[in-house]
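Everything numeric here is computed off the predicted structure, so don't read it as measured data. Numbering of residues begins at 1 and proceeds along the displayed sequence. Below, each value reflects all heavy atoms present in this structure, side chains not excepted, and no hydrogens, waters or symmetry copies. Whatever order the structure lists ligands and atoms in, that order sets their numbers, starting from 1.
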Amino acid sequence: MATQKVVLITGVSREEGLGFETAKQLAGAGFKVIISARNLAKVVALATKLQSADLDVIPLELDTLSDLSVQNAAWEIENRFGRLDVLVNNAGGFYDTGGTALTQTFEYTQEAIETNLFGTWRVIKALVPLIGKSEAGVIVNVSSGAGSFKDPDFGLNALTDVTAYGISKLALNGLTIKLAKELKPQCILVNAVCPGFTATYPGTEAWGARPVTDGASGIVWAATLTKDGPTGGFFRDGKPLDW
Ligand SMILES: NC(=O)c1ccc[n+]([C@@H]2O[C@H](COP(=O)([O-])OP(=O)(O)OC[C@H]3O[C@@H](n4cnc5c(N)ncnc54)[C@H](OP(=O)(O)O)[C@@H]3O)[C@@H](O)[C@H]2O)c1
C-alpha cells in the first residue's frame, strides 16, 4: 500500500474559505491534511468538523508572519511525520478595492506584501528541509490573476485599483519562478495557482464569483501533481495561464 501523503495548508480559519474546501477535497482523496491558522480555536473547530466526517485532518497553529510560530509548526510536523509531501500556501488577503498607486497607503501595501509575499516565503524557507524528505515534494502558492499582466478582468492592466494586492501577488508569482528553478535539483515542484474569482465572502456570487468547490479544485490539481509534473508555472483549473 502506498504511504499516505502529508499536506499542510496555511490560512484555514473560515469554513467558507478556499483553504477549508481544499482540505476537504484533499482529505477526501486520501491525504493526511494538516490545516493551520493563526487562531488556534478557529482551526481546531474546523478540524473537528472535518474529522466528524471521517476525514484525516489535524489542526495546527501557524501565523505566517511569525518566525517562532512557523518554526514551531515545522518542529511539530517533523516530530509527528518526519517529512512533508505537499505545502499549500493559501494564507493571504488584502484585496484593496479602491486602492490606487496614488491613494493606497504604504502601511496597507506593506501589510499586503508582508502577508502575501514574505509570509509565504517564510513558511517555504522553514519547510523546504522537510519537503526535501518527501519522495515527491510539491509546493502550491495560491496567487491571483490580479498579479498577472494579462487577466482581462482583474489583471494589472485591467484595473487602476487593487494595487497593493496586485503587486503582492505579482511578487508571489516571481518568487514561485525563482524557487521552482532553485528546487528543481531536489525534484520539488513549485507552482502558483489562481483559483479564479471565488465566492468565499457573502454577496460575491452576485458579482459573478464561482462556487468554492470549483476554485479549490485547481489548487487540488496542483497539490496532487506527480514527480513528472510541471514546475514554475501559473495555472487556473489545471491549465497554464497566459500571464
Ligand atoms: N476568493 C477569491 O476570489 C480569490 C481569488 C484569487 C485568489 N485568492 C486567494 O485565495 C486565498 C484564500 O482566500 P479566501 O478567498 O479563501 O479568503 P479567506 O478565507 O479570508 O482566506 C485567507 C486566509 O488567510 C489567513 N491569514 C491571513 N494572514 C495570515 C497569517 N499571518 N497567518 C496565517 N493565516 C493568515 C486568514 O486568517 P485570519 O482569519 O486569521 O485572518 C484566512 O484564513 C488567498 O491567498 C487569496 O488571496 C482568492
J.: So is P195 in contact with ligand 1, going by heavy-atom distances below 4.0 Å?
T.: yes
J.: Where the closest heavy atom to atom 41 (O) of ligand 1 is concerned, which of R210, R236, R38 has it?
T.: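 When every heavy atom of R210, R236, R38 is considered, R38 comes closest to atom 41 (O) of ligand 1.
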J.: Look at ligand 1 and say whether K169 reaches it with a heavy atom at a distance under 4.0 Å.
T.: yes
J.: Compute the ring centroids of Y165 and F94, then answer whether they are less than 6.0 Å apart.
T.: no
J.: What protein heavy atom lies closest to atom 15 (O) of ligand 1? Include the residue and the distance to one decimal.
T.: T200 OG1, 2.7 Å
J.: Any carboxylate oxygen within less than 4.0 angstrom of a Lys/Arg side-chain nitrogen, looking at D151 and K169?
T.: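 A salt bridge is absent here (no side-chain N lies under 4.0 Å from a carboxylate O).
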J.: Find all atoms of ligand 1 within a distance of less than 4.0 Å from any non-hydrogen atom belonging to L65, and give their numbers and elements.
T.: 31 (N)
J.: Measuring from atom 4 (C) of ligand 1, which candidate in A216, A37, G196, G19 has the nearest non-hydrogen atom?
T.: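 Of the listed residues, G196 has the closest heavy atom.
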J.: Got a salt bridge between E78 and K133, using NZ or NE/NH1/NH2 to carboxylate O under 4.0 Å?
T.: yes
J.: Give me the nearest non-hydrogen protein atom to atom 36 (C) of ligand 1 as residue plus atom name, then the distance to 0.1 Å.
T.: S13 OG, 3.9 Å
J.: Using the ring of each side chain (for Trp, its six-membered ring), is W243 parallel, tilted or perpendicular to F234, with breaks at 30° and 60°?
T.: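 W243 vs F234 ring planes: perpendicular.
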J.: Which heavy atom in I139 sits nearest to a heavy atom in N89, and how many Å separate them?
T.: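 Distance-wise, the nearest heavy atoms are CG2-ND2, 3.7 Å.
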J.: Heavy-atom contacts with G17 under 4.0 Å: which atoms of ligand 1 show up? List them by number with element.
T.: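 Once the distances to G17 are compared, the set is 16 (O), 19 (O).
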J.: What's the shortest distance from atom 25 (C) of ligand 1 to any protein heavy atom, and which residue and atom give it?
T.: G11 CA, 3.7 Å
J.: Identify, for atom 7 (C) of ligand 1, the protein heavy atom at the shortest distance, and state residue, atom and that distance.
T.: S143 O, 3.0 Å
J.: Indicate yes or no: does R38 engage E61 in a salt bridge with an N to O separation below 4.0 Å.
T.: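 E61 and R38: not salt-bridged.
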J.: Looking at ligand 1, does Y165 have a heavy atom less than 4.0 Å from it?
T.: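 So Y165 counts as touching ligand 1.
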J.: Can you find an N or O of C194 that's nearer than 3.5 Å to an N or O of ligand 1?
T.: no
J.: Looking only at protein heavy atoms, which one is nearest to atom 33 (C) of ligand 1, and what is the separation?
T.: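 The answer is L62 O, 3.4 Å.
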J.: Quick one: closest heavy-atom pair of P195 and S143, and the distance?
T.: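 In this case the closest contact between P195 and S143 is CD-O, 3.5 Å.
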J.: Do you know which two heavy atoms are closest between D85 and K5, and how far apart they sit?
T.: OD2-CA, 3.3 Å
J.: Just to check, does A146 reach to within less than 4.0 Å of ligand 1 when the distance is taken from its heavy atoms?
T.: no
J.: Does an N or O from T198, backbone or side chain, lie closer than 3.5 Å to an N or O of ligand 1?
T.: yes
J.: Kindly indicate whether the side chain of T115, heavy atoms from C-beta on, has any atom under 4.5 Å from the side chain of L65.
T.: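 The answer is yes; the side chains approach within 4.5 Å.
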J.: Is V142 near ligand 1, meaning one of its heavy atoms is under 4.0 Å from it?
T.: yes
J.: Considering only the protein, which heavy-atom contact is closest to atom 26 (N) of ligand 1, and what is its distance?
T.: A91 CB, 3.9 Å
J.: Does T10 have a non-hydrogen atom less than 4.0 Å from ligand 1?
T.: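 Heavy atoms of T10 never come under 4.0 Å of ligand 1.
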J.: Under the criterion side chain to side chain contact (heavy atoms under 4.5 Å, CB included), which of I219, N90, V190, N191 is the partner of N141?
T.: V190
J.: Passes side chain to side chain contact (heavy atoms under 4.5 Å, CB included), D56 versus Q4? Steps please.
T.: CA-CA 10 Å; D56 194 353; Q4 189 183 25; 3.0 Å; yes
J.: Pull out every atom of ligand 1 sitting under 4.0 Å from any heavy atom of F197, numbered as shown with elements.
T.: 3 (O)
J.: Decide yes or no on side chain to side chain contact (heavy atoms under 4.5 Å, CB included) for T163 and I167, but give the supporting numbers first.
T.: CA-CA 6 Å; T163 304; I167 289 173; 3.7 Å; yes
J.: Atom 12 (C) of ligand 1: which of N90, T115, N116 has the nearest heavy atom?
T.: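 The nearest heavy atom belongs to N90.
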J.: So which heavy atom in the protein is nearest atom 31 (N) of ligand 1, and how far is it from that ligand atom?
T.: D63 OD1, 3.0 Å
J.: Considering only non-hydrogen protein atoms, determine which one is nearest to atom 13 (O) of ligand 1 and report residue, atom name and distance to 0.1 Å.
T.: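 Nearest neighbour among protein heavy atoms for atom 13 (O) of ligand 1, to 0.1 Å: L18 CD1, 4.1 Å.
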J.: Search all heavy atoms of G19 against all heavy atoms of I9 and return the closest pair with its distance.
T.: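 Answer, listing the atom of G19 first, then I9: O-CD1, 4.0 Å.
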J.: Ignoring hydrogens, what is the shortest heavy-atom contact between L87 and L84? Give both atom names and the distance.
T.: CB-CD2, 4.1 Å
J.: Compute the minimum heavy-atom distance from Y201 to ligand 1 and say whether it is under 4.0 Å.
T.: yes
